[in-house]
Amino acid sequence: MGCTMKYGPVVLSAGLTGLLSFCLLAVAIGTDYWYIIDVNKPNYTGSDDLSSHSGLWRIIEGANWSSVTPSFTANMSNLTEAERHLVGLHKVVVILLPLSLVLLVFGWIFGLVSSLASSPKLLAASASYFLLCSLFTLSGVSVYIKYSNQAMEEFQRTVPPENLVYVNVSFGWSLATAWLSYSLEVATGLLLMLAARITQMKGHYDSGVAIAML
């Protein structure tokens with residue numbers, strides 16, 4: 001009976017964390033605060049804001065101007081080797097993270113069916129599926145961090161060192177949201193694995209009771 005009482009809260013928690021991980025990843029992909037460049041140049045009297053923030057799809061410069069990141073439409077023949085490498089990294093990011101988002105939808109449905117069926121094998125398969133999704137998310141975020149660091153290195157080569165003193169760069173809350181989504185994907189997988197274990201133990205317990213009653 002103890003196993004039965006525990007099973008419900010575990011699968012409910014797995015469902016909530018799985019749904020929340022999807023929502024957080026969707027927010028991360030759709031927002032423009034992955035990377036922030038804050039420029040505080042003294043005695044600057046121009047009307048344009050020199051600061052910017054960027055997402056996976058576009059760069060917001062100043063208050064009103066934005067530009068799309070042309071990873072798939074860029075003319076590669078006009079780019080340097082370093083620039084082509086950066087474009088390649090960005091392509092990987094914008095493929096992996098949306099793919100992970102789509103996989104999470106099917107994972108949630110698979111997890112729901114497994115929970116209703118109370119099948120240890122299906123629950124274990126659902127757990128493995130969510131852990132696989134977390135690897136896609138982790139890979140996408142990790143590649144983005146590498147992409148951003150290399151882009152900043154290229155920027156530093158083209159800007160005079162005295163101007164870099166006024167530039168502060170940081171990762172934004174969109175990236176933090178993606179990290180949180182990854183953590184919840186792992187938590188969902190572990191909770192489903194626990195649910196599979198509870199169901200398996202309950203099956204052994206019921207078998208033992210049946211044998212004892214014979």
Side-chain angles (χ1 to χ4, degrees), residues 6-36 53-60 68-73 86-149 170-200:
K6 289 181 181 180
Y7 179 78
V10 169
V11 295
L12 180 60
S13 298
L16 291 175
T17 54
L19 182 61
L20 187 56
S21 68
F22 170 83
C23 294
L24 289 174
L25 187 57
V27 168
I29 291 174
T31 52
D32 301 314
Y33 288 87
W34 282 74
Y35 199 70
I36 299 172
H53 57 89
S54 60
L56 301 182
W57 318 102
R58 61 177 182 168
I59 301 172
I60 311 296
V68 177
T69 307
S71 295
F72 294 96
T73 59
L86 287 174
V87 170
L89 288 177
H90 187 261
K91 286 181 179 179
V92 172
V93 174
V94 298
I95 290 174
L96 281 178
L97 291 178
L99 177 60
S100 178
L101 187 67
V102 173
L103 291 176
L104 282 175
V105 175
F106 294 104
W108 198 88
I109 296 173
F110 188 22
L112 177 62
V113 173
S114 302
S115 300
L116 294 175
S118 298
S119 167
K121 291 183 179 180
L122 287 179
L123 286 166
S126 298
S128 301
Y129 186 94
F130 266 96
L131 293 176
L132 177 64
C133 290
S134 71
L135 289 179
F136 278 99
T137 303
L138 176 63
S139 299
V141 173
S142 300
V143 173
Y144 180 82
I145 292 174
K146 181 179 180 180
Y147 159 78
S148 300
N149 290 335
S170 62
F171 292 107
W173 60 264
S174 296
L175 178 67
T177 304
W179 273 123
L180 184 56
S181 174
Y182 160 73
S183 301
L184 289 174
E185 290 167 31
V186 174
T188 302
L190 295 178
L191 284 169
L192 288 172
M193 198 70 73
L194 177 60
R197 179 62 177 166
I198 291 173
T199 305
Q200 187 178 37

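Values in this document were obtained by computation on a predicted structure and should not be read as measured data. Nothing fancy with the numbering, it's 1 onward along the sequence. Worth knowing before you read on, the calculation uses all heavy atoms, side chains too, and leaves out hydrogens, waters and symmetry mates.
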Distance check, rounded to the nearest 0.5 Å: [X] atom [atom1] versus [Y] atom [atom2]?
X	Y	atom1	atom2	answer
Leu131	Leu138	CG	CG	12.0 Å
Leu112	Leu19	CG	CG	11.0 Å
Leu25	Phe136	CG	CZ	12.5 Å
Ser118	Gln200	OG	CD	13.5 Å
Ser181	Phe22	OG	CZ	9.5 Å
Leu123	Ser128	CG	OG	11.0 Å

Looking at [X] and [Y], what are the two nearest heavy atoms and their distance?
X	Y	result
Gly189	Ala127	O-CB, 3.1 Å
Ala196	Ala124	CB-N, 3.8 Å
Cys133	Leu104	CB-CD2, 3.9 Å
Thr188	Ala14	CG2-O, 3.4 Å
Ala26	Leu101	N-CD1, 3.7 Å
Thr137	Leu97	O-CD2, 3.8 Å

Query raised in the report: Is the Tyr129 ring parallel, tilted or perpendicular to the Phe110 ring (thresholds 30°, 60°)?
Result: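 Taking Phe110 first and then Tyr129, their aromatic rings stand perpendicular (interplane angle over 60°).
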
Determine yes or no for a side-chain-to-main-chain donor-acceptor pair under 3.5 angstrom, with [X] supplying the side chain and [Y] the backbone.
X	Y	value
Ser134	Tyr182	no
Ser139	Leu135	yes
His90	Trp57	no

**Report entry** Ring centres under 6.0 angstrom apart (Tyr144, Trp34)
**Finding:** yes

Requested in this report: Could you tell me which residues satisfy side-chain contact (heavy atoms from CB on, under 4.5 Å) with Ile145, sequence neighbours excluded, listed by chain and number?
Outcome: Val141, Asn149, Phe171, Leu175, Trp179

Query - With Ser21 via side chain to side chain donor-acceptor pair (under 3.5 Å) - residues at least two apart - result: none

**Report entry** side-chain contact (heavy atoms from CB on, under 4.5 Å) partner of Ser54, the single match among Ile59, Asp32, Ile60, Ile36
**Finding:**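 Testing each of Ile59, Asp32, Ile60, Ile36 against Ser54, the sole residue satisfying side-chain contact (heavy atoms from CB on, under 4.5 Å) is Ile59.
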
Query raised in the report: Is any side-chain heavy atom of Glu185 closer than 4.5 Å to a side-chain heavy atom of Ser100?
Result: yes

